[in-house]
Amino acid sequence: MVNTTSGHTLALDADSGEQKWDFESEVPPLSLRGVSSPVMASGGVLTGTANGKLAVVVAENGVLAWEQAVASPTGATELDRIADIDTKPLIIGGSVYVVSYDGTLAALDLRSGRIMWKREYASFQSLSYAGNNLFVVDTSSVVYALDRRNGIELWSQSGLRERGLTAAQTVADYVVVGDKWGFVHWLNQTDGKIVARLSLGGDDEDEGIYTAPVVDGNVFYTQTRDGQVYAVETP
């Protein structure tokens, strides 16, 4: 399954590359240069769209199963109306969580698309979770933890504001983020306090970290802008 910036979700045969189907969603005149990665679950393919919707199509034939408006584009100009969902939908049990650039974080029922709760958080970074905690990094690089069952905010960490944070990833008892200066930060999952910091890029924006760490047990892997790949172990 491949999602494109032109609003097409494609199903390709993994062996031959043959196209099986093509589902097209509406793309507004102005949108972010990003795309929601498709996720497969329960026979469906879930993707966020550039007009603020979550769409689910049948994996076998590409027919739309349901579509739900998560964000509501408002404003007098196309710039004001940017409402992309560029994040990868996060599926936990029978719920799916998405966040839009215009400031809507929502939990939806996976089977019906019914919105269970909404909160005002703006992000283009994918969500992560541990237990009942949901973690989001907003457009100003403030990190939040919410109760995924009801959307109640548990804590926020604004000490890394405007550092160009990556999406948060959970490792051991911590939340890990990278920043545009090449630092990795560990936050306590319980209260959001910054407990450790490691410089991989030498405080140089040319060696910043722009993609979320990839976690394997207590080790995570990250890459700086100059092409260096690091494996870091969390005690």
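What you see is a predicted model, and the numbers here were worked out from it, not measured in a lab.
Across all non-hydrogen atoms, the minimal contact from Val58 to Ala65 is CG2-CB, 4.4 Å. For the residue pair Val96 and Pro89, the shortest heavy atom distance occurs at CG2-CB, 3.8 Å. The minimum heavy-atom distance linking Asn188 with Tyr174 is given by the pair CA-CD2, 4.2 Å. Nearest approach of Val56 to Gly44, heavy atoms of both residues: CG1-CA, 4.3 Å.
Taken from OG in Ser156 to OH in Tyr144, the straight-line distance is 5.5 Å, to the nearest 0.5 Å. With values rounded to the nearest 0.5 angstrom, Gln189 atom CD is found 6.5 Å from Asn133 atom CG. In this structure, CD in Gln157 is found 11.5 Å from OG in Ser141, a value given to the nearest 0.5 Å. Atom CG of Asp226 sits about 4.5 Å away from atom CD of Glu207, to the nearest 0.5 Å. To the nearest 0.5 Å, atoms OG1 (Thr104) and CD1 (Ile115) are separated by 8.5 Å.
Side-chain atoms of Met116 and Leu108, non-hydrogen and from C-beta on, never get closer than 4.5 Å to each other. Within the 4.5 Å cutoff, side-chain heavy atoms of Trp66 are placed close to those of Leu54. Annotation: side chain of Val184 is not in contact with side chain of Val232 (no heavy-atom distance under 4.5 Å). In this structure the side chain of Trp155 reaches within 4.5 angstrom of the side chain of Leu187, judged on heavy atoms. Counting only heavy atoms from C-beta outward, the side chains of Leu46 and Ile91 approach each other to under 4.5 Å. By the 4.5 Å heavy-atom criterion applied to side chains, Val99 and Ile85 are not counted as neighbours. Inter-residue side-chain proximity for His185 and Leu160 is flagged as met; some heavy-atom pair is nearer than 4.5 Å. Between Leu110 and Ser42 the shortest side-chain heavy-atom distance falls below 4.5 Å.
The hydrophobic cluster containing Leu12 also includes Val2, Leu10, under a criterion of side-chain heavy atoms closer than 4.5 Å among ILVMFWY residues, counted directly or through chains of members. Through chains of ILVMFWY side-chain contacts below 4.5 Å, Val57 is grouped with Met1, Trp21, Phe23, Met40, Val45, Leu64.
Other residues, nucleotides and ligands contribute more than 12 heavy atoms inside 6.0 Å of the NZ atom of Lys180. The local environment of OH in Tyr129 is sparse, with at most 12 non-hydrogen atoms from other residues, nucleotides or ligands closer than 6.0 Å. Within a 6.0 Å sphere centred on NZ of Lys193, other residues, nucleotides and ligands contribute 12 heavy atoms or fewer. Other residues, nucleotides and ligands contribute only 12 or fewer heavy atoms inside 6.0 Å of the CD atom of Glu60.
When atom types are taken as modelled, the side chain of Trp117 and the backbone of Arg148 share a donor-acceptor pair closer than 3.5 angstrom. Here the side chain of Asp216 pairs no donor or acceptor atom with the backbone of Val219 at under 3.5 angstrom. Side-chain N or O atoms of Gln68 include one that pairs as donor or acceptor with a backbone N or O of Gly113 at under 3.5 Å. Judged by distance alone, with hydrogens and angles left aside, the side-chain atoms of Asp84 form no donor-acceptor pair with the main-chain N or O of Asp86 at under 3.5 Å. Between the side chain of Ser100 and the backbone N or O of Ala71, no donor-acceptor pair lies under 3.5 Å. Judged by distance alone, the side chain of Ser140 and the main-chain N or O of Val142 form no donor-acceptor pair under 3.5 Å.
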Under 3.5 Å, sequence neighbours excluded: what are the donor-acceptor pairs made by side chains of residues 161-172?
unit_1, atom_1, unit_2, atom_2, d
Arg163, NE, Asp179, OD2, 2.8
Arg163, NH2, Asp179, OD2, 2.9
Thr166, OG1, Gly178, N, 3.0
Gln169, NE2, Pro213, O, 3.4

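Listed by first and then second residue, the salt bridge (Lys or Arg N to Asp or Glu O under 4.0 Å) pairs that reach into residues 65-76 are Lys53-Glu67, sequence neighbours excluded.
Val136 is connected to Tyr97 through a chain of hydrophobic side-chain contacts under 4.5 Å among Ile, Leu, Val, Met, Phe, Trp and Tyr, so both are in one cluster. By the rule that hydrophobic residues join a cluster once side-chain heavy atoms approach within less than 4.5 Å of another member, Tyr230 and Leu198 end up as members of one cluster. A single hydrophobic cluster is not seen to contain both Leu127 and Val39; linkage of ILVMFWY side chains at heavy-atom distances under 4.5 Å, directly or through other members, places them apart. Note: the hydrophobic cluster containing Leu134 does not contain Val143 (ILVMFWY, side chain heavy atoms under 4.5 Å, direct or indirect links). When hydrophobic clusters are built by joining Ile, Leu, Val, Met, Phe, Trp and Tyr residues whose side-chain heavy atoms come closer than 4.5 Å, directly or via intermediates, Ile209 is grouped together with Val215.
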*Applying side-chain contact (heavy atoms from CB on, under 4.5 Å), run through Trp181 and Asp204 and close with a yes or a no.*
CA-CA 5 Å; Trp181 304 108; Asp204 186 344; over 6 Å; no
*Stepwise side-chain contact (heavy atoms from CB on, under 4.5 Å) test for Leu105 and Leu146*: CA-CA 11 Å; Leu105 171 63; Leu146 296 85; 3.9 Å; yes
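Here Glu153 pairs with Tyr121 under the side-chain hydrogen bond (donor to acceptor under 3.5 Å, both in side chains) rule; sequence neighbours left out. For Arg225, the salt bridge (Lys or Arg N to Asp or Glu O under 4.0 Å) criterion is met by no residue, not counting sequence neighbours.
A salt bridge links Arg149 and Asp147; the closest N-O separation between the charged side-chain nitrogens and carboxylate oxygens is under 4.0 Å.
Side chains of Trp186 and Thr234: a donor-acceptor N/O pair is present below 3.5 angstrom, by distance only. Side chain to side chain, Ser36 and Asn3 fail the donor-acceptor criterion of an N or O pair below 3.5 Å.
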